[in-house]
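All of these numbers come straight from a predicted model, not from anything done at the bench. Numbering of ligands and ligand atoms starts at 1, following listing order.
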Amino acid sequence: MNVAILGTGYVGLTTGACLAYLGHRVACVDRDPSKIAALQRGEAPFYEPFLKELMNAASPNLCFTTEYGEAVPGAEVVFIAVGTPPGPNGTPDLKQLQGAARGIAEQLGEGFTVIVNKSTVPVGSGNWVEALVREELKKRHEGIGRTFAVASNPEFLREGSAIHDSLYPNRVVIGAEQRKTLEVLYELYRPLLNQSFREPDFLPRPEKARSVPLISTDLASAEIIKYAANAFLALKISYINEISRLAEKVGANIAHVARGIGLDERIGTGFLQAGIGWGGSCFGKDSLALIATASEYGLDMPIVTAAREVNRRQRERVVEKLLTNLKILKGRTIGLLGLAFKPETDDLREAPAIDLARQLIARGARVIAHDPVAMNRFRREYADLAVSVRETPEDVISNSDAVVLVTEWAQYKEIQWEAVAAAGERKRVVVLDGRQAIDGDRLTRAGYHYLSIVGQNPVTGFEPERDLESPVTVPLESREADCSSRVLWSARSIGAA
Ligand code: NAD
């Protein structure tokens, strides 16, 4: 099929490359000429694992342009994947969506076209886009012969595994008011739903991904599904963070608590990793938008509101711990390991590191930082923030009074803490682990003052896997899904050193 994608950000470009890989002819449009120029040179405008490989594999079916006129008229399906950043009062700013809807109306082709809202948009946006397109067509007296319908197809990809999530999704949600619209989108997604496409060599199909459930529903339900999913994930993280505060007070190990509750299938192990809390472009914005939508209908959302408050406090907890241990922050150098809001992305939107840097600078501290991929982007987007970026994590550690592990990049698990300590002055550097990713006992032995945001070194206690020659084996499946598997991993590979 012929497809146009409006917006080549994380969602638009990933969707475009995946649909082109499935065999559709895809034209990606962005209003940012520098992004399109980079894409035309074969460069990805942001860091996302396997994106370049997929773009390469799909290149015969994929083109890039700044002109709606080169993409929209021939398209049977037009995806809107533009940004919907938070606006005033928590409601998303829909200017980019409005621009896209008007641009579509100017260039709509003669056949039946399905316009798909892939951007995360508040309830009612499907109807709003439809009204905008109709209004624009009427103004131009060009409505005759143009037939279209608007659908909602929310996106659930996670940055850092966006290509995997798009090729092997756990569900596809489509909201539409007409059967014809559904049929077009079913046809578009058929290879994905059946998993009948040839798996790329660089990203083999997981065993579980045999066929993908399709949830076909009305527009409003599809729109709510996206917000409700993100708010739920956000509150799950805030829940375990709230419990971690109590665990710290009573001397309990939150990693064990999380595992102990997460293995109950009704709860599930995902998103139960206590730490600095959530960041990124979605959870904050979408939870706020959900609250704003509810208030338009006279409802408050006490649970979602509390999840946001717990998340805010979690970041303050880092500063409180540094203050308690260093006593004075003025003039101290605090090192941040990790700037991106999570590993495997260079996205800095609502990243905890930015918030922390601001809070620390406001208290008179000097801030230095490292990130394996987000440093250039940080220099470009946060030139006004007085953070000195260092080329290696070791440089950050050896020049800091306290180091905070903010983002649990795999590279940071390889840091030779002992060697850094041996090479430096004999001062006792505070290391605050914000992600339960470091073996505290090892750091203490190496001469650091180890602190965990959750109170205890998570790598403690009896672990048959680690401590026995022939353990009573925990079934592999539950171990892999277990949120504390990372802790076990770090115990074996770091702690053994
Ligand atoms: P993004 O900011 O990375 O990309 C948006 C792109 O749209 C930019 O390149 C911008 O130049 C372009 N754009 C803006 N107005 C345009 C117009 N009128 N025509 C053509 N291009 C235009 O955003 P993103 O992270 O890809 O998110 C897009 C949407 O998807 C948002 O609503 C977001 O909430 C949602 N979403 C994002 C994620 C994620 O992980 N990033 C996941 C699921 C859903």
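- Listed by chain and number, the residues in a side chain to side chain donor-acceptor pair (under 3.5 Å) with T305 amount to none (sequence neighbours excluded).
- Counting protein heavy atoms only, atom 16 (C) of ligand 1 is closest to V82 CG1, 3.4 Å.
- Considering backbone and side-chain N/O of D286, none are found under 3.5 Å from N/O of ligand 1.
- Considering both main-chain and side-chain atoms, D30 comes within under 3.5 Å of ligand 1 through a nitrogen or oxygen pair.
- Applying the 6.0 Å contact sphere to CZ of R179 captures no more than 12 heavy atoms from other residues, nucleotides or ligands.
- A heavy-atom separation below 4.0 Å is not found between K95 and ligand 1.
- Here the options are N117, T14, V173, V11, the test is side chain to side chain contact (heavy atoms under 4.5 Å, CB included), and the partner is E155; only V11 passes.
- Near Y68, meaning under 4.0 Å from any of its heavy atoms, are these atoms of ligand 1: 17 (C), 18 (N), 19 (N), 20 (C).
- Residue contact check for ligand 1: G103 places no non-hydrogen atom closer than 4.0 Å to it.
- Residues forming a side chain to side chain donor-acceptor pair (under 3.5 Å) with Q359 (at least two apart in sequence, or on another chain): none.
- For the pair E106 and R102, the salt-bridge criterion is not met [side-chain N within less than 4.0 Å of a carboxylate O].
- Under 4.0 Å from ligand 1, heavy atoms of L157 appear from its side chain as well as its backbone.
- Proximity of Q98 to ligand 1, defined as any heavy-atom pair under 4.0 Å, is not found for any part of the residue.
- Under a cut-off of 6.0 angstrom, the local environment of CD in E242 is sparse, with at most 12 non-hydrogen atoms contributed by other residues, nucleotides or ligands.
- The cationic atom of R31 (NZ for Lys, CZ for Arg) does not lie both less than 6.0 Å from the six-membered ring centre of Y68 and within 45° of the ring axis.
- The aromatic rings of W409 and Y47 are tilted relative to each other, their planes meeting at an angle between 30° and 60°.
- The aromatic rings of Y21 and F197 sit perpendicular, their planes meeting at an angle over 60°, well past the 30° parallel limit.
- In terms of protein heavy atoms, atom 14 (C) of ligand 1 is closest to Q96 OE1, 3.0 Å.
- Residue G7 approaches ligand 1 through these ligand atoms, each under 4.0 Å from one of its heavy atoms: 6 (C), 7 (O), 12 (C), 20 (C), 21 (N).
- Looking only at protein heavy atoms, the nearest one to atom 4 (O) of ligand 1 is G9 CA, 3.2 Å.
- Those atoms of ligand 1 that come under 4.0 Å of a heavy atom in K35, given as number and element, are 8 (C), 9 (O).
- Less than 4.0 angstrom separates some heavy atom of T84 from each of these atoms of ligand 1: 31 (C), 32 (O), 34 (O).
- With a 6.0 Å cutoff to the six-membered ring centre and a 45° limit on the axis angle, R377 does not count as a cation-pi contact of F46.
- Ion pairing between K139 and E136 holds under the 4.0 Å rule for side-chain N and carboxylate O.
- Ligand 1 places these atoms under 4.0 Å from at least one heavy atom of E159: 39 (C), 40 (O), 41 (N).
- Salt bridge annotation for E135-K138: absent, with no cationic side-chain nitrogen under 4.0 angstrom from a carboxylate oxygen.
- Per-residue contacts place G83 under 4.0 angstrom from the following atoms of ligand 1 (heavy atoms of the residue considered): 5 (C).
- At least one N/O-N/O distance between T120 and ligand 1 falls below 3.5 Å.
- Considering only non-hydrogen protein atoms, atom 23 (O) of ligand 1 sits nearest to R349 NH1, 3.7 Å.
- Of the heavy atoms in K226, only side-chain atoms (C-beta onward) come closer than 4.0 Å to ligand 1.
- For ligand 1, the atoms lying closer than 4.0 Å to a non-hydrogen atom of K285 are 33 (C), 34 (O).
- Given atom 43 (C) of ligand 1, the protein heavy atom at minimum distance is E155 O, 3.3 Å.
- Which parts of ligand 1 touch V11 is read off a 4.0 Å heavy-atom cut-off, strictly below it: atoms 26 (O), 30 (O), 36 (N), 37 (C), 38 (C), 42 (C), 43 (C), 44 (C).
- Of the heavy atoms in P45, none comes closer than 4.0 Å to ligand 1.
- Using a cutoff of 4.0 Å between basic side-chain nitrogens and carboxylate oxygens, R313 and E316 are not scored as salt-bridged.
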